Each structure stands twice: as C-alpha cells, then as structure tokens.
Amino acid sequence: MCGHSSGMMGFPLRLLAREVYDRVRAIKDDNAVALITGEERIEPKDARYFCCTVEAMDRLGGGKAFVALDEAQIGADPERGHIFTDRLLNARGREETMLLGSSTLAPMVDALVPGAEKIERPRFSTLSHAGSCKLSRLPPRSAVVAFSTEQVYAMAEMLRRFRGGAAVVMGALSPETRNKQVELFQSGEVDYIVATDAIGMGLNLDLHHVAFAALTKFDGRRKRRLTPSEMAQIAGRAGRHQRDGTFGTVSGMRGANGAPPEFTEEEIYAIEEHRFQPLTHLYWREPEPRFDSLGTLIADLEASPDRPELRAAPEAIDLAVLKRLAEEPLATQIKGAGKVRRFWEACSLPDFRQIGADQHARFVARLWQDLQGGYLGADFVAARIAELDRVQGDIDTLQGRIAAIRSWAYICQRPDWVLARDEMAARAIAVEARLSDALHARLTERFVNRRTTILMKSLGQDASALPVKLEEDGRLTVDDEPIGRLEGFRFAVDPDATVADRKMLLAAGEKALPGILTQRADWLLGEGLGELELADGTIRWKGSRLATVEMPEDFREGRITLARELTMLPEGPRTRLEAGLKTWLAAKLEPLEPLRKLAAAARDPEAGSEARALIHTLIDGHGVVSREKAGLEHLPKELRPYLRKLGVVFGALDIFAHALLKPAPRQLLHALGIDHRPLQEAMLPVIPETPRLPAGYRPAGKQAIRVDLAEKILRAAFESRAKAGGERNARFRLDTALGISIGLEEENLVRLVGSAGFRLQRAPALDEKAFGPPAPDRWIWQPRRKDTGRNDGHRDGHRKSGKNQPQHSRGKGGPRSKSRDKQRGPRKPKPVDTGPARSGGAFDALADLLK
C-alpha cells in the first residue's frame, strides 16, 4: 500500500487496523494516514492512506490506487461473512487490489473474481503435534486456548499457582486491554497466555506451543466441534518465521461427553500438512437494500443471491433487531426513505455488550426515541458517558462498562446523531482508555503473581546470580518484588504469599542469605554494636534474638549460644560474629564486679563455712536478704569485718551489698533473666507501694523505700535512742526530717521504723485553758521477739485485736468529755500503734514463696 499514491485496507479487527495504522504513520506523515473504525475516527484533511475495519471501509474502495481486504475467508462466517463477501465483490483499487486469506478461499476467488492472480506465502516453520500435557508442566511461552469465560479464568488461576501467572485474551476485552495483556506476554513478564479463539486472528505472538483446553465451542446456535481449519488458525500461532512450533491438548480436562479433548489422526494430518477442505460457498446479503418501507427493507435483506457460490446470510443481530422493532408500535411512525434509512442505521448498532437480540432491541428502541426527532443532545450524551466513567469494580463489572462505552463511542462517531460529535467522541475514547487500564490492572492483579514468575525464571540459576536485594527497611526483593523480610538474621517469608508460593520464596531467600547475612554481620561488628541490647537473658538486635546468655556461678564471663538463624552464616563470619558478641558482652557485664567478688569469696576456703553460707544466701537474693533469712545467729561476730570489706552492709532489717543497689547492676541482673522481680530502672529512693515490690526495696506503709536508705533512717533512729541513754523503756525524741527529705510521708515513716521496734507515743493535748508550746512526741524501743519475727517486717508482739491492743491517742478535740478529764487528772501518753510496714494475712508466707 505504501508503494502507491493512496490506499485503503480493510481489517477484521479494530486492533489490527490500529496496529497497521501505527506502522504506516511511521513510514508516511501523520497527516497522510487515517484510522476509521466503528468507535474511532482519525481522519486528517490530507489523508491518502486509510486503515479501516471491514464494516467501516468504503464498499467500493473509495477510489484509492490500492485496496486490500484482510482475512477474506471470513466471508464464510454466518454473522459477519456477508460484509466480507460484499467487499470481495466490489472493493477495487485503481491500480491494484489484493485479497488476503487462507488457501481454502481459492475456489471462491476463482469463481467470483475470474482472472485473479494467486500468490502463495508458504509457512517457513514446521507445526507439529506434541500430544497432551499437564497444565503444571506446560513449557514456557505457551498459550492455553479455552472457549468460555469460566474456563479461561480457571486456567489462568491455575497457571498463577503453578507458574506465577498468565496474560488473558478474550473477545469481550476492549482492544486496548487486549493489547496490554499481549504486551504482558510479549515482554516476558509472564510466560503463559490464556485465550479464547480470539487469539487465532490478528495477534502476532512469540509462541512456542498452543495447548487446547477444549475442542468444542458454542457458536451462538449450538455447541459443535471446531473444524480443522479453525484448529489450524489457532494452532498456527505457535512458531514464527523459521522457528518451529507445536500444538496439543491439556490433559486432565473433560469434554462434553466426559472424555478428555484429543485430536483425531485426520485433524492432526490436516493441521501439520496445512490441507483443509476448500470453501464451497460464501454468505451474502443485499448491500444496497431499498428504503421505501420497513417491509421492503426486510424483504431485500432476506433476499437470496443469484449466484450458486453465494448463500443467503443467516439472520444477523442487526436484522433480528429490525424485525423485532418492526412489530412494535413505534414502527407505525417510520415512513419515508429518510426515516427508514435512519432507523436501519440505528438497528445496525453493534451489540458490544453481547446481551442478545431482545435486550439489544430495547436499547435501540430507546435510542431511536431520541434520534427520530433529530440529534442527541450533547448534555445527554455527556451524562451517559460520565455514568460509565468509574474504574471501581471487579473484572466483570469493568468489562460491562467497557462494552457500554464502546456503544456510546460508536454512537458518537455517526455523522448525524450527536451534537458536538468530536468532543463527545473524544470523551468516550478517553473513558474507554481509563476503563481498559483499570481492567488490565484487575486482570494482572488476579492472574499474575509477578514475584512467582520472576522466581520461576531465576531459581534455576546459580545462587550468586539470583537478583536478591536487601532494602534499607529489611525487605528482600527480586526485581523490586518482595519475597520476604530479614528480621535481624532471620528470614521471614512475605506474609502475603500463598501456601503454594511459600516453599519457593523460602528457597529463593535461602540461596541469597549467606552473602547477605555476611554483609549484615560485618556491618554489625563494625558499626552496629551500639544497637545491641540485653533482654530476658538474650542478646537482641532490633527486637530479634541473636544469642542466648548463660551466666556461670562466678559471674565472670557469660556463655553465649548463637540463635539458630545464624547457622545460615558461613563458618568464618559466624566465628567472627560470635567473638564480637563475647567482647561486647564482657564490657556489658562490668557492673556485676561486686557480685563477682562475692562469688569468689563464696569459693574461698579461708572465709569460713558460716561466712560462705551467708554469702551464698546473699548471692541467691541478688544482693539483698532480710535478717530473718540471713541466719546471722550462726555467723561469728569476728567474721563480719571480713564481709564488710566485700561491701556487705549489716542493717537493722536487711543485709545487702550496697554496690548492687545501683541502677546499672539491677538493670543488668534483670536483663540477664537472673532476677525476675520487677525492675525500678532508676532505683529511686522512694516509690509507691505495689503488690510486688521491685528488687532492692522494702515496704513502708503505702510507700516502699530502697533498703540502703531505709537503713540510713533506722541508724539515725538508733543513734537518737543511744543519746537518750539507751535503756530499754527510755523515751526519746526522733527527728523525722531525714525520712521526709528522702520522700517518705510521715505516716509511712512511722510504719517503717515500727518494723524495727520503734513505737511512737503521742504527747497529750493541752487543756483548753493551758498555754504554751505543745509537748513533743516521744518514742520508745522494744526489742523484737525472735519467735514472732515476720518476714515482711511486722513488729514483735503485735496483736490484731483484744483489750491489750494499743490505741491511738485522740489528741485535741477527742470524744472524751472535759469533766471526766479533770476528774482523772493529767493523762499519761499512750503508745501509738505503728503497725507493720505492710498489712499481712494468713497466706503471706505462701505469697512470698510464690514470688
């Protein structure tokens, strides 16, 4: 065509017309080439070359120098054949006319176009039968052909699980969506394509094998077996130029009779040798009917041809709609050649939605109501287009919208149907493009697992060649597709992966892990040691466990056991990492030096068995033990200086190693999992009371105080008593400023010192007529009896009820009458019930044991 001064080509599909249009534009100027289809019209003013669908091309050739008709054998198709037959009979070029088609058309050309020159283009490659093959074992670059939407979806879904996905091509897809799906296959992003028989025409694919999932199809009237020529049209997609191709069936499928689809020997021979029964007739319908009336129009369209090579075309969808509407009341108003012609043009609207003659006739009737009065308003058409401009929904919903927008695109292309035709047509084409993009995305999302496809291609390669990349956020990707995440040194498969994909993803990750983990280990030893932490007896990095730590009895060097995930490291990097972790742990354990000294003394024979026993008890208590549990009665006094040199403090209520009460060793003991009691990270002096006290604290009423500060307060109390003479029942004053300055409330301070035997005696209140400063409160100390000592610091001799229970002084404003006070004379001070440091119960001992 490009060798002539002008030309026109008719194609069976819009996408073929678009493909050739783009090729001709690359050769000629854009302004010289036109594209005319039912839904799209690009016609520059100076266009000389026209790429058209057969229905849209001029039936006489438009007076162009060159005219070609592609796939001319479609003249034998019951639905569209009469249009191809008309172009074959009438479309002619001034200089050259070319009819392209199967060799089966040759007898018809000889009969209808006498003297036509026949030129054969033999196939350069060989097409051979390969038998049956399971879907999971199909070779790459294969196409699976099915003949129903349900079967296409089922095949594509199985290929997604087995092979990572497939492109999908069906006649119901828009040309744009179909092209995008084909490009998905052509680009190599997927190795499989699932299609209906639409693959057999107009698609040039890089296929090696075509597998038939069925050999029967429903042709609109009945379910029948494909003809050998139809089988060859589809199977011939395999192989290109000089590369051979194969065809076969998918095993495991069941046909209409329950038997698997199989080619007969005759069919295989016909396909391989390209020998088919020649066409004996073509379908014809009057191309120029009369428009005198609807009856005359229908009669002309149903007229029989006058040549034996031609047969009357079966009733197509346009004629079926015309006959149905001719029986409706609206037909009575259709009179005159102009209205009849216009009505026939409306009935010729293609049924893009494939909804059948009855429903399509209703759509045409509604359209005619607007057309019979003139043009469709631009606002009305714009509103209908806007209703379809929505990209939400599933595959079927988007297909329905695309079919509907194609109808409106066709309507907008008619020269006398729509006002502002060019603008409305552009809007319809734009909406179709957006819907096609959305449909392509849905098909790809549903039937393509790009990650699996990439891995299927890569897993056969050497591990070093696998393109696995570690992202900054810890994701492992292959060509930007995530396969999992590296949590520390543990590879976790992507949680979105299906069960079928998990094994493959794990294998892909493990192939690349040794090299990636080596890099991560080297970085950790060089720059990342500051990110390590101890928790629950393990060394962790970013929440992931690297090793378990076990402390020996001497607390000197922790033994570490690497986590199982680190076994993926090569031996050299694993050894370096283990040594680095040991060095880091040794520095981390420095705050435990006081505990190491105690552990060394516990093994020293010269310390004496009594001192070693106390040290063992102190170690078991992680640096703190109450006097009741220490067994001091067995420790000779001359050994106490030896223990004091080790940092042991003998307090009134507790025995403790003062250095171990600092935040660092307490945090470390908790992090190592040695001390399971709650942790007070800052080791504050005073904290609120809790059901379970942190390590290093003792109760003091509604508060708790650190044991070393409690001992400081008690020492001050004993010093105050000593200054008063130190006798058993001597009364003395106790300055509470120290405890209050530490943070203890006065009431809680009273209960703390009460745990050591100190009892408060409130001073009597002044009489109403007395003047002067009030008398100060006094304290007494009573030694605690050994047989009633409480683990939680209860005072000796305390009873919960009875007449001997001490009562609190009522002070000013008490309920006693003034007259009774005068009769009895001056009141004696009553001891205040300082009570225990914490209220107790019958199960205190059991609770302590459980803690």
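In this chain, residues are counted from 1 in sequence order. Everything quoted here is computed from the prediction, not taken from an experiment.
Taking the six-membered ring for Trp, Y375 and W417 have ring centres at least 6.0 Å apart. In summary, the aromatic rings of Y283 and H281 are positioned with their centroids under 6.0 Å apart. Aromatic rings from F263 and F212 are positioned such that their centres are separated by under 6.0 Å.
E328 places no side-chain N or O within donor-acceptor distance of the main-chain N or O of L330, the cut-off being under 3.5 Å. No donor-acceptor distance shorter than 3.5 angstrom exists from the side chain of R427 to the backbone of I385, with no hydrogens or angles considered. With hydrogens and angles ignored, the 3.5 Å screen pairs no side-chain donor or acceptor of R414 with any backbone N or O of R421. Using a distance-only test at 3.5 Å, with no hydrogens or angles considered, a donor-acceptor pair links the side chain of Q186 to the main chain of D206. A donor-acceptor contact shorter than 3.5 Å links the side chain of K64 to the backbone of G62. Q181 places a side-chain N or O within donor-acceptor distance of the main-chain N or O of V168, the cut-off being under 3.5 Å. Without hydrogens or angle criteria, T296 side chain to D292 main chain gives no donor-acceptor distance under 3.5 Å. Judged purely by atom type and a 3.5 angstrom limit, Q73 uses its side chain to pair as donor or acceptor with the backbone of S102. A donor-acceptor contact shorter than 3.5 Å links the side chain of R307 to the backbone of A111. With hydrogens and angles disregarded, no donor-acceptor distance shorter than 3.5 Å links the side chain of D86 to the backbone of P287.
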Give the intermediate values and the outcome of side-chain contact (heavy atoms from CB on, under 4.5 Å) for residues L294 and W344.
CA-CA 9 Å; L294 291 180; W344 169 237; over 6 Å; no

Between I334 and W368, is the side-chain contact (heavy atoms from CB on, under 4.5 Å) condition met? List the steps.
CA-CA 10 Å; I334 303 174; W368 175 250; 3.9 Å; yes

Applying salt bridge (charged side-chain N to carboxylate O under 4.0 Å, His left out) to D389 and R401, what does each step give before you reach the verdict?
CA-CA 8 Å; D389 191 7; R401 289 188 192 138; over 6 Å; no

Checking salt bridge (charged side-chain N to carboxylate O under 4.0 Å, His left out) for the pair R80/E55: CA distance, chi angles, key distance, verdict?
CA-CA 9 Å; R80 303 173 64 200; E55 287 84 352; 2.9 Å; yes

Test log, rule side-chain contact (heavy atoms from CB on, under 4.5 Å), inputs I411 and W408:
CA-CA 5 Å; I411 292 170; W408 284 104; 3.8 Å; yes

Give the C-alpha distance, both sets of side-chain angles, the deciding distance and a yes or no for salt bridge (charged side-chain N to carboxylate O under 4.0 Å, His left out) between E445 and R442.
CA-CA 5 Å; E445 179 182 351; R442 297 292 190 283; 5.2 Å; no

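A heavy-atom distance below 4.5 Å is found between the side chains of P12 and D70. Side-chain contact between R311 and S304 is absent, with no heavy-atom pair separated by less than 4.5 Å. M231 places none of its side-chain heavy atoms less than 4.5 Å from the side chain of F247. The shortest distance between side-chain heavy atoms of L388 and I402 does not fall below 4.5 Å. When side chains are defined from C-beta on, E302 does not count as touching E286, because their heavy atoms never get closer than 4.5 Å. Under the 4.5 Å side-chain criterion, counting only non-hydrogen atoms from C-beta, E157 is in contact with R160. Side-chain contact between M1 and K28: absent, with no pair of heavy atoms (C-beta onward) separated by less than 4.5 Å. In this structure, the side chains of I298 and K323 come closer than 4.5 Å at one or more pairs of heavy atoms.
The residue from I193, V169, V190 that alone fulfils the side-chain contact (heavy atoms from CB on, under 4.5 Å) condition with L184 is V190. When each of I74, L310, L89 is tested with L282 by the rule side-chain contact (heavy atoms from CB on, under 4.5 Å), just one qualifies, namely L310.
Between E432 and R14 there is a salt bridge, since a side-chain N of the basic residue sits under 4.0 Å from a carboxylate O of the acidic one. Salt bridge R25/D29: absent, no basic N to carboxylate O contact under 4.0 Å. A salt bridge is absent between E230 and R225; no separation between the charged side-chain nitrogens and carboxylate oxygens falls under 4.0 Å. Between D110 and K118 a salt bridge is recorded (basic side-chain N to carboxylate O distance below 4.0 Å). Using a 4.0 Å cut-off between a side-chain N of Lys or Arg and a carboxylate O of Asp or Glu, D318 and R285 qualify as a salt bridge. With respect to the salt-bridge test (charged N to carboxylate O, under 4.0 angstrom), the residues R446 and D394 do not qualify. Ion pair K180/D437 flagged as a salt bridge, since at least one NZ, NE, NH1 or NH2 atom sits closer than 4.0 Å to an Asp/Glu carboxylate oxygen.
Residue Y49 comes nearest to C2 through the heavy atom pair OH-O, 4.1 Å, listed as atom of the first residue, atom of the second, then distance. Across all their heavy atoms, M98 and E96 have their closest contact at CE-OE2, 3.6 Å. Across all their heavy atoms, A235 and I271 have their closest contact at CB-CG2, 4.3 Å. The two atoms that bring K339 and K335 nearest to each other are CB-O, 3.5 Å, heavy atoms only. E387 and R384 make their closest contact through OE2-NH2, 2.7 Å (heavy atoms, listed as atom of the first residue, atom of the second, distance). Nearest heavy-atom pair across I317 and G356 is CD1-C, 4.1 Å.
Atom CG of D379 has 12 or fewer neighbouring heavy atoms from other residues, nucleotides or ligands inside a 6.0 Å radius. Surrounding CD of E43 are more than 12 heavy atoms belonging to other residues, nucleotides or ligands, all under 6.0 Å away. Residue R94 qualifies as enclosed at atom CZ: its count of foreign heavy atoms under 6.0 Å is above 12. Taking a 6.0 Å sphere around CZ of R224, one finds it holds more than 12 heavy atoms contributed by other residues, nucleotides or ligands.
Taking the six-membered ring where the residue is Trp, H274 and F276 present perpendicular rings, their angle passing 60° and hence far from 30°.
With rounding to the nearest 0.5 Å, the separation of CD1 in I429 from CZ in R41 is 13.0 Å. With values rounded to the nearest 0.5 angstrom, T37 atom OG1 is found 8.5 Å from R18 atom CZ. Annotation: the span from L16 atom CG to E71 atom CD amounts to 7.5 Å, rounded to 0.5 Å. For the atom pair CD1 of I199 and CG of L207, the computed distance is 5.5 Å after rounding to the nearest 0.5 Å. Here CZ of R92 is found 12.5 Å from CZ of F66. Values are rounded to the nearest 0.5 Å. Atom CG in L376 sits 11.5 Å away from atom CD in Q369 (nearest 0.5 Å).
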